[in-house]
Amino acid sequence: MTFTAAQIALLINGKIEGNADAGVHSFSKIEEAKEGQLAFLANPKYEDYLYATQASIIIINESLELKEKVAGTLIRVPDAYSAFAALLTKYQEMMSQQLTGIQQPSYIAASATLGTNVFVGAFAYIGENAEIGNDVKLYPHSFIGDKVSIGNHSIIHSSVSVYHHCRIGKHVTIHAGTVIGSDGFGFAPQADGSFTKVPQIGNVVIEDNVEIGANATIDRATIGSTIVRAGAKLDNLIQVAHNVEVGYNTVIAAQAGVSGSTKIGNNVMIGGQAGIVGHITIADGARINAQSGVSKSIKQPKAAVTGSPAYDYTSTLRSQAISRKLPDFEKRIQELELLVKQLMAEKV
């Protein structure tokens, strides 16, 4: 499938410099692009490649002043990175729209309802009274449990498991191997030292426009719902425990873990491998650095913390800077002590 510069500019509201009829059939990085490919330049560090690339069309920032002539056709936009991302999204939507129908073998319960233009991949399972919206894509080996609802335009990739009664919103993407609605980690200690399982009878609610990476786990609530609010983005290999709430437009990087009943605010940024204990709150806009251990509530909006236990980001950096100088401080103290001894000896 080939697209012209004029068509692309229309999609991203860009201004063309060069041949509006130039065509491309694929995407590439600017340093590797060949004729017939589309590239973009957002990072000034890569500007030299702009004048050497063989790409037929390049998306650039409208503020960029050229140092040399460029062979390909340029499309200027306010933000090249965002425009390129939007274009990739459009392309992905076009490709996924071609997937419709029900592949065999697959199992769909008689009581399940499917919307229009649904794709059900081979070996998929859809349980009793499940509700699948319009334009939903269920890739091979996906499992949709009883009374699960999935909103319009959502994509469930291969080997995803969505347990019974969970609710998935519209325009949600869940990547391969992720488990939604597995039991929360609830066990009651007994007098003899054993543990009795506490039934987990709640569910998981994923709101609209959420993306969840591969091999993540979001546990169902003991009672009520574990909730991921609209616009949140979760990376691969994340653990979200029972009764957690993840706020609107919050982002969590890979290998982070959130313990039970913690409430994470809106627009929070959590770095990779961060660990958050249970039953605390994280204020809106907080930033938690990678590998931080958060053991207490963060009450101040937009606070930045790092370390384990996590502490104010700026203060921690200052403490680290001082700790690196401790050997020099020790040496200077020893020199001062020697000087004081010498002075005392002279007085005697």
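Residue numbers count from 1 along this sequence.
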*Answer yes or no: is there a donor N or O on one side and an acceptor on the other, between the side chain of Gln7 and the main chain of Thr4, under 3.5 Å?*
yes
*Are Glu211 and Lys233 ion-paired here, with the side-chain N under 4.0 Å from a carboxylate O?*
no
*Look at Glu62 together with Lys15 and state whether they make a salt bridge at an N to O cut-off of under 4.0 Å.*
no
*Answer yes if the ring centres of Phe27 and Tyr91 are under 6.0 angstrom apart, and no otherwise.*
yes
*Return the minimal non-hydrogen interatomic distance between Ser56 and Gly36, and the atom names on each side.*
OG-N, 2.7 Å
*Mind jotting down which residue pairs meet the salt bridge (Lys or Arg N to Asp or Glu O under 4.0 Å) criterion with at least one end in residues 162-188? Sequence neighbours excluded, please.*
Asp183-Lys197
*Identify, with sequence neighbours excluded, every residue that meets side-chain contact (heavy atoms from CB on, under 4.5 Å) alongside Lys34.*
Gln37, Gln54
*Take atom CG of Asn134 as the centre, draw a 6.0 Å sphere, and report whether it contains more than 12 heavy atoms from other residues, nucleotides or ligands.*
yes
*asked:* Does either side chain, that of His242 or that of Thr222, offer a donor lying less than 3.5 Å from an acceptor on the other one?
replied: yes
*asked:* Looking only at the side chains, is there a donor atom on one of Ser194 and Asp192 sitting less than 3.5 Å from an acceptor on the other?
replied: yes
_Using a 6.0 Å cut-off, check whether atom OH of Tyr81 has over 12 heavy atoms from anything other than its own residue._
no
_Regarding Thr306 and Asn289, do their side chains bring together a donor and an acceptor under 3.5 Å, going by distance alone?_
yes
*Can Arg332 and Glu335 be counted as an ion pair, charged N to O under 4.0 angstrom?*
no
*Does atom OH of Tyr49 have more than 12 heavy-atom neighbours, drawn from other residues, nucleotides or ligands, at distances under 6.0 Å?*
no
*Kindly give the heavy-atom pair with the smallest separation between Asp235 and Ala216, and that separation in Å.*
O-CB, 4.2 Å
_Side-chain heavy atoms of Ile174 within contact of Ile155, under 4.5 Å_ = no
_His175 to Gly213 - nearest heavy-atom pair and separation_ = CB-C, 3.6 Å
*Check: Thr100/Asn117 side-chain N/O donor and acceptor closer than 3.5 Å*: no
*Is it true that the side chains of Asn19 and Thr73 contain a donor and an acceptor less than 3.5 Å apart?*
no
*For the hydrophobic clusters of this structure (ILVMFWY residues joined by side-chain heavy atoms under 4.5 Å, transitively), does one cluster hold both Val240 and Ile264?*
yes
*Is Leu11 linked to Phe3 within one hydrophobic cluster, defined over Ile, Leu, Val, Met, Phe, Trp and Tyr using a side-chain heavy-atom separation of less than 4.5 Å?*
yes
*At their closest point, which heavy atom of Glu65 faces which heavy atom of Tyr51, and how far apart are they?*
O-OH, 4.3 Å
*asked:* Is it true that Asp219 and Gln239 share a donor-acceptor pair across their side chains at a distance under 3.5 Å?
replied: yes
*Taking atom NZ of Lys263 as the centre, does the number of heavy atoms from other residues, nucleotides or ligands within less than 6.0 Å exceed 12?*
yes
*Can you name the closest pair of heavy atoms from Val198 and Ala188 and give their distance?*
CG2-N, 4.0 Å
*Nearest heavy atoms of Ile223 and Asn243, plus distance in Å*: O-ND2, 2.8 Å
*asked:* Is it the case that the side chains of His164 and Glu128 hold a donor-acceptor pair, with the cut-off being a distance below 3.5 Å and no angle test?
replied: no
